[in-house]
Amino acid sequence: QVQLVESGGGLVQSGGSLRLSCVVSGSVSINLMGWYRQAPGKQRDMVALITSGGITNYADSVKGRFTISRDNAKNTVYLQMNSLKPEDTAIYYCKLKRYLSGTEYWGQGTQVTVSS
């Protein structure tokens, strides 16, 4: 089974930066990869996506501040987060989706807390 393990979360002040990593026991290059986040009492929302062709998509709330990238040799997806705001506080999840079957796989999440 495909497994995803996130890391890099933590506590930072407003305006700070964090880099999240997602190590995948599968291919990050031939699947759709994404980062999602969920704050307490709210739904899980898409933050950033990267296709097998390298096309990226971002939520309006993070556009210009966050960058999704991948290292195919390491089967790792990254989320660089700059200019962090308190409203970015959430659990961040990594997702892999297969194009043909549509099957989705999720990591267990990593906590990001942005303080004032």
Side-chain angles (χ1 to χ4, degrees):
Q1 186 179 8
V2 173
Q3 292 180 292
L4 302 87
V5 181
E6 303 98 332
S7 63
L11 174 64
V12 296
Q13 290 186 265
S14 295
S17 298
L18 281 175
R19 186 197 190 204
L20 305 184
S21 299
C22 174
V23 180
V24 182
S25 62
S27 176
V28 301
S29 63
I30 64 172
N31 298 295
L32 177 66
M33 303 299 304
W35 286 96
Y36 294 71
R37 68 186 181 187
Q38 186 169 24
K42 301 207 171 184
Q43 68 181 83
R44 187 174 299 184
D45 293 326
M46 185 275 289
V47 176
L49 300 173
I50 183 166
T51 71
S52 61
I55 299 173
T56 58
N57 188 34
Y58 299 92
D60 289 340
S61 59
V62 307
K63 201 167 296 181
R65 299 188 297 121
F66 291 10
T67 303
I68 186 170
S69 63
R70 68 187 182 208
D71 186 326
N72 296 339
K74 295 181 178 179
N75 275 337
T76 301
V77 177
Y78 304 96
L79 184 67
Q80 179 66 46
M81 305 184 293
N82 298 325
S83 302
L84 283 163
K85 307 173 181 179
E87 49 262 46
D88 295 318
T89 296
I91 301 175
Y92 284 71
Y93 298 90
C94 182
K95 185 188 79 173
L96 178 154
K97 184 176 183 178
R98 299 197 183 281
Y99 285 103
L100 295 182
S101 68
T103 304
E104 297 181 352
Y105 301 89
W106 293 86
Q108 295 180 13
T110 184
Q111 177 71 47
V112 171
T113 303
V114 185
S115 66
S116 300

| said: Given 3.5 Å as the limit, does a donor-acceptor pair link the side chain of Ser14 with the main chain of Ser115, or not? | reply: yes

| Looking at Met33 and Leu4, what are the two nearest heavy atoms and their distance? | CE-CD2, 4.2 Å

| message | I want to check something: taking the side chain as every heavy atom from C-beta on, are Ser61 and Arg37 in contact at a cut-off of under 4.5 Å? | response | yes

| said: So which atom in Leu84 and which in Val12 form the shortest heavy-atom distance, rounded to 0.1 Å? | reply: CD1-CG2, 3.5 Å

| Distance (rounded to the nearest 0.5 Å) between Ile50 CD1 and Leu79 CG | 11.0 Å

| field | Minimal non-hydrogen separation, Ser17 against Asn82, with atom names | value | OG-OD1, 2.9 Å

| request: Taking all heavy atoms of Trp35 and all of Cys22, pick out the closest pair and write down the distance. | output: CZ2-CB, 3.7 Å

| task | Rounded to the nearest 0.5 Å, what's the gap from CZ on Phe66 to OG1 on Thr56? Could you check? | result | 14.0 Å

| said: When you measure from the side chain of Glu6 to the backbone of Gly109, do you find a donor-acceptor pair of N or O atoms at a distance under 3.5 Å? | reply: yes

| Can any side-chain N or O of Thr76 pair as donor or acceptor with the backbone N or O of Val23 at less than 3.5 Å? | no

| query | If you group Ile, Leu, Val, Met, Phe, Trp and Tyr by side-chain heavy-atom gaps below 4.5 Å, do Ile91 and Leu49 land in one group? | reply | yes

| Within 6.0 angstrom of Gln13 CD, more than 12 heavy atoms from elsewhere | no

| said: Do Val47 and Tyr93 land in one hydrophobic cluster if side-chain heavy atoms of ILVMFWY residues count as linked below 4.5 Å? | reply: no

| query | CD of Gln111: more than 12 outside heavy atoms within 6.0 angstrom? | reply | yes

| request: For Lys42, look at atom NZ and say whether over 12 heavy atoms of other residues, nucleotides or ligands are found less than 6.0 Å away. | output: no

| Side-chain contact, heavy-atom cut-off 4.5 Å: Thr103 with Val2? | no

| Which pairs pass ring pair (Phe, Tyr, Trp, His ring centres under 6.0 Å) with one or both residues in residues 96-116, sequence neighbours excluded? | Tyr36-Trp106

| note | Heavy atoms of Ile68 and Val77 approach each other most closely as CG1-CG1, 3.9 Å

| message | Any side-chain to backbone donor/acceptor pair from Ser25 onto Gln3? Under 3.5 Å, distance only. | response | yes

| remark: Between the CZ atom in Arg70 and the OG atom in Ser21, the distance rounded to the nearest 0.5 Å is 15.5 Å

| Value rounded to 0.5 Å, distance of CG in Leu20 from CD in Gln80 | 8.5 Å

| When you measure from the side chain of Asn75 to the backbone N and O of Gly26, does any donor-acceptor pair fall under 3.5 Å? | yes

| query | Taking C-beta and beyond as the side chain, do Asp88 and Arg65 meet within less than 4.5 Å on heavy atoms? | reply | yes

| request: Heavy atoms only: give me the nearest Ala59-Met46 pair and the separation to one decimal. | output: CB-O, 3.4 Å

| request: Hey, could you give me the CG/CG distance between Leu32 and Leu96, rounded to the nearest 0.5 Å? | output: 8.0 Å

| said: Count I, L, V, M, F, W, Y as connected when their side-chain heavy atoms are under 4.5 Å apart, and connections chain through other members. Are Tyr78 and Val28 then in the same cluster? | reply: no

| task | Would you indicate whether Glu104, at its atom CD, is surrounded by more than 12 heavy atoms from other residues, nucleotides or ligands within a distance under 6.0 Å? | result | yes

